[in-house]
Amino acid sequence: MNCNIQKFFWAIITFSCIIITVHSQSKTNTTSAANADSFILACGATTDSTDANGRKWTSDTKFITSNNNSLSVTAKSQDPSLPSTVPYMLARIFQSEATYKFPVSPKYRHWIRLHFYPSSYNNFDPLNSFFSVTANGFTLLNNFSASITAEALTQAYIIREFTMIKIESGFLDLTFTPSNSYNDSFAFINGIEIISMPEIFQSVSMVGFSDQNMEAEFYTMQTMFRLNVGGQYIPATDDSDLSRIWYDDSPYIYGAGLGVTTEADKNVTIAYPSKDSKYIAPLDVYRTARSMGPNATVNRNYNLTWIFDIDVNFTYLVRLHFCDYRLDKVNQMVFTIFINNQTAEQEADVIAWSGGKGVPVYKDYATYVNGKNGDDQLWLALHPDVEVKPEFYDSILNGLEIFKLNDTKGNLAGPNPVPSPMKAEAESQQGKFTSHSKLSKGGVIVGSVLGSVAGLGLIVALIGIFMHKKKTDKKELSSSTNSWLPIYGSSRSSGTNTTSKSSGSSRISNLGGGFCRHFTLAEIRIGTDDFSESRVIGVGGFGKVYKGFIDGNTKTVAIKRANPSSEQGVHEFLNEIELLSKLRHRHLVSLIGACEENNEMILVYDYMANGTLREHLYKTKNNNQTLSWVQRLGICIGASRGIHYLHTGAKFTIIHRDVKSTNILLDEKWVAKVSDFGLSKTGHTLNQTHVSTIVKGSFGYLDPEYFRRQQLTDKSDVYSFGVVLFEVLCGRPALNPSLAKEQVSLADWAILNYKSSLEEIIDPHIKDEIYPECLKQFTETAVKCLSDNGLDRPSMGEVLWNLEYCLQLQKNPDGPKVVAKQKANDAYALYATLLSIDEEEDEKSDKFEDHSANAVFSQIVNPKGR
Ligand SMILES: *[C@@H]1O[C@H](CO)[C@@H](O)[C@H](O)[C@H]1NC(C)=O
Ligand SMILES: *[C@@H]1O[C@H](CO)[C@@H](O)[C@H](O)[C@H]1NC(C)=O
Ligand SMILES: *[C@@H]1O[C@H](CO)[C@@H](O)[C@H](O)[C@H]1NC(C)=O
Ligand SMILES: *[C@@H]1O[C@H](CO)[C@@H](O)[C@H](O)[C@H]1NC(C)=O
Ligand SMILES: *[C@@H]1O[C@H](CO)[C@@H](O)[C@H](O)[C@H]1NC(C)=O
Ligand SMILES: *[C@@H]1O[C@H](CO)[C@@H](O)[C@H](O)[C@H]1NC(C)=O
Ligand SMILES: *[C@@H]1O[C@H](CO)[C@@H](O)[C@H](O)[C@H]1NC(C)=O
Ligand SMILES: *[C@@H]1O[C@H](CO)[C@@H](O)[C@H](O)[C@H]1NC(C)=O
Ligand SMILES: *[C@@H]1O[C@H](CO)[C@@H](O)[C@H](O)[C@H]1NC(C)=O
Ligand SMILES: *[C@@H]1O[C@H](CO)[C@@H](O)[C@H](O)[C@H]1NC(C)=O
């Protein structure tokens, strides 16, 4: 087999002189190549429309060659994570083979992007849809189920991107064929983009075959991954003319070896070496990077590694983007690049390649992945090249793309991904939990609890009250949750405005159902002293947070202002407004209002006088006293209550996705409030939680299972909260890259050490305050939260119960022995019903919870108290 491959590549090499001439010709005309022809079609639409980013989508009707077998349909429901109604809410359905024909310039390569939203359309169930898509002899998709793919990737919609070689005939034929292995099968498509592009692929060296090259120019490819390493999501509208989307790389990093992310200093100019380089990647990709970290000893002992799930039996082109904006000399940093455990580049020296500081450069490598060892993964690893003795033992990467190349039969299709059985189980578990807390089953639980927990007559009376209350609350709730509106109202899905940065408040005006107050920019400027730097109380990924005053200086507020220069985060902004304006809870930070004017995106919140939990745990300011153990427990309980409410309290399950100590805020009375819902995701109902499009979150807190499988459940929040619990106990950050390798990640370190040397890791400030029983209970709970498998983690309700129990153990060190394990479990069941009853909505019921549920709890744990 090797022999064949070698012959093949020799054949290619003999061709290369010819190729090079062709190549340079095409290069002279690249500038006109981008968008020489471009078709952006909303399938099933009869008129032109504009999406949320201001891109115009035209009707697909005139490109279908046989128009007698297709149907134009509308999706039955709109998933909250859809970025825009256009093109996803309309689709075209084909019940037999159908072809789109596009006239294209034979001079250029073309992007083909296919958008699928697997929802119910009329009587068409997306589960029945299996189909293939071919284009000019290439099979792009085969036996493709958008529904299975979306489920497995926990995405609401799927975008597939291909880059098609030059088509000499001048016509691109895109054919959809429903599978004939299934009855009632059909094909559907929501959006098609065909965009001409310059030839950006050339000769590529084969990893593992020294001095052998392949000519990538002759391949049609599928984009598998496109990452802005060390940086953020870059939307299509911010790419250089080729409308590519760049994602965050952190979900693909292996283990805890995250390295550090850096951003180019403002005074460093990053400039393309030539004018065509802009088609390779936008400058934003080169402005951020991930490197290994400052400690040479640590760096020598690990590999900065990314892992990607791919299809076997294909050749992959791995394109690495580099730009060093800190060093400027050759041999200052030299590293080795491994792809699938083979050396792709022995001595990578970015400055030597690029010629200087701030100059982007990219390198391509090709590798064939066979399924020999059942491996369907591609590993990329960087390691300092110690042998050449560079000045710094470090390595760097700014961007990464992985393309799958057509095989000899012109095929690019892989199998449908398999949804993880774990996820299905997690969902059914969650369903179980919620059915427990439904009122209809409440009676059963109460009965059994009464049988085993003796002498709690008081509770019965209480439950009566709660149930009554719940019934009345339910009515109020349904009237308010009905106003949950799609994030992009119809006013934006059509019409002619071409930029999403339009002034006015069109996007937020229909949100909030009355909760969300509007502020003018003038009011905000007055309230913050014209965004005075002296008022800055925090800086996040989104932008700066200011302390401000409103209503004639009578009310102190926190004002979060999005970085005005970037489009990044618009989605998060709208997401947060929509979510927060629907939620009211004592342990969630309240949104007061918003301002969207003059391209500004500003959110106004209640001011939290005592700042973040993190700043009271370590690196405390001089005037900050350290928190006592009981205070810390109280804060953890409050925060877990807030998160528990997100998971189960609202009509929609809300997964926070970024639980960490900087997102737990403290008001003047030290009440914990969970903040920052910018990344949150909602599921439609409690037992349908396949959400999430891009893995997000913060290093050190990210659920390893979410990392691996990109499947988001509420247990990801439980994991992150487990890290917070250890942070609270140990008084150190979740990640501390300056420590020895095994100590960098708090989660890993705690799991390894809690049994053997728990004493050593406890914050010395509180060590002597904690009663051993309480410590044991607390640690057990935190460790369970960090279970590798989401199913082994407790629900947030159980975490809350356990923390309440800890607090009782701490307050009454003699009392707890009264509660036998079994009784504790029964008590939990009861407690869960109480929680679900009173954590429904608004602050009124919350007061109820704080006094009554706690009172009941104390009754159970501490019988003396009665
Ligand atoms: C580049 O392409 C444009 C349009 O396709 C064409 O008009 C022009 O002559 C080309 N220029 C060169 C130098 O080939
Ligand atoms: C659709 O039209 C094509 C010709 O354009 C014809 O061959 C085919 O039989 C028609 N199909 C149906 C279902 O009418
Ligand atoms: C399709 O339907 C026919 C008759 O209704 C049945 O005999 C056949 O087994 C079905 N095929 C599949 C793949 O379900
Ligand atoms: C850029 O600014 C940093 C401090 O922000 C400084 O250390 C560095 O020397 C400056 N570099 C140049 C080229 O001016
Ligand atoms: C990959 O190719 C090998 C050898 O041709 C074959 O045995 C194997 O089944 C293929 N794997 C897949 C997933 O197609
Ligand atoms: C690379 O090596 C690691 C261990 O060093 C192994 O777990 C992994 O499976 C290997 N990957 C491939 C693609 O061979
Ligand atoms: C880094 O990866 C390479 C290739 O997989 C492997 O040979 C080497 O042992 C790794 N080094 C470390 C320190 O893990
Ligand atoms: C796909 O790639 C192969 C190389 O493996 C090439 O020979 C072939 O012509 C390409 N196109 C088609 C349609 O097979
Ligand atoms: C089509 O995909 C489904 C789901 O992944 C799979 O069960 C089935 O075996 C596939 N059928 C064919 C013909 O490959
Ligand atoms: C680097 O890490 C090692 C432990 O791996 C530690 O002993 C050493 O002090 C660290 N060096 C610096 C400069 O922080």
Does the side chain of I189 come within less than 4.5 Å of Y117's, by heavy atoms?
-> no
Verify the distance criterion only: is there a donor paired with an acceptor across the side chains of N142 and S132 at less than 3.5 Å?
-> no
How long is the span from the CG atom in L380 to the CG atom in L227, to the nearest 0.5 Å?
-> 10.0 Å
If you measure from CG on L320 to CG on D364, what distance do you get to the nearest 0.5 Å?
-> 8.0 Å
Regarding T61 and S59, is there a side-chain donor-to-acceptor distance under 3.5 Å anywhere?
-> yes
Here the gap from T134 atom OG1 to L412 atom CG, rounded to the nearest 0.5 Å, amounts to 12.0 Å
Assess the side chains of D60 and Y100: does a donor N or O sit below 3.5 Å from an acceptor N or O?
-> yes
Please tell me if the side chains of L378 and I307 come closer than 4.5 Å, counting only heavy atoms from C-beta onward.
-> no
What about the rings of F102 and F171, do their centers lie closer together than 6.0 Å?
-> no
Indicate yes or no: does K107 engage E199 in a salt bridge with an N to O separation below 4.0 Å.
-> no
Pair F39 and F63, ring centroids less than 6.0 Å apart = yes
Is the count of non-hydrogen atoms from other residues, nucleotides or ligands lying under 6.0 Å from K76 atom NZ greater than 12?
-> yes
Under 4.5 Å between any side-chain heavy atoms of V318 and F403, yes or no?
-> no
With no hydrogens and no angle check, is any side-chain donor or acceptor of H115 less than 3.5 Å from a backbone partner on R113?
-> no
Pair E161 + R226: basic N to acidic O under 4.0 Å = yes
When the ring planes of F131 and F144 are compared, do they come out parallel, tilted or perpendicular, using 30° and 60° as the limits?
-> perpendicular
Determine whether F176 and R92 make a side-chain contact, defined as any pair of heavy atoms from C-beta on separated by less than 4.5 Å.
-> no
Cation over ring, R109 on W111, under 6.0 Å and within 45°?
-> no
Side chains of N213 and S203: do they bring a donor and an acceptor to under 3.5 Å?
-> yes
Y252 and F225 aromatic centres sub-6.0 Å = yes
Within 45° of the six-membered ring axis of F314 and under 6.0 Å from that ring's centre, is NZ or CZ of K404 located there?
-> yes
The reported gap from CG in D37 to OG in S105 (rounded to nearest 0.5 angstrom) is 5.5 Å
Does Y365 have its ring centroid less than 6.0 Å away from the ring centroid of Y316?
-> no
Measure the OG1-CD1 distance between T163 and I112 for me, rounded to the nearest 0.5 Å.
-> 8.0 Å
Decide yes or no for V133 and F138: does some side-chain heavy atom of the first lie under 4.5 Å from some side-chain heavy atom of the second?
-> no
Any L172 side-chain heavy atom under 4.5 Å of N136 side chain | yes
Identify the two heavy atoms, one from F124 and one from Q95, that lie closest to each other, and give their separation to 0.1 Å.
-> CE2-NE2, 3.8 Å
Is it true that the side chains of W57 and D48 contain a donor and an acceptor less than 3.5 Å apart?
-> no
Polar side chain donor-acceptor pair, N190 to Y121, under 3.5 angstrom | yes
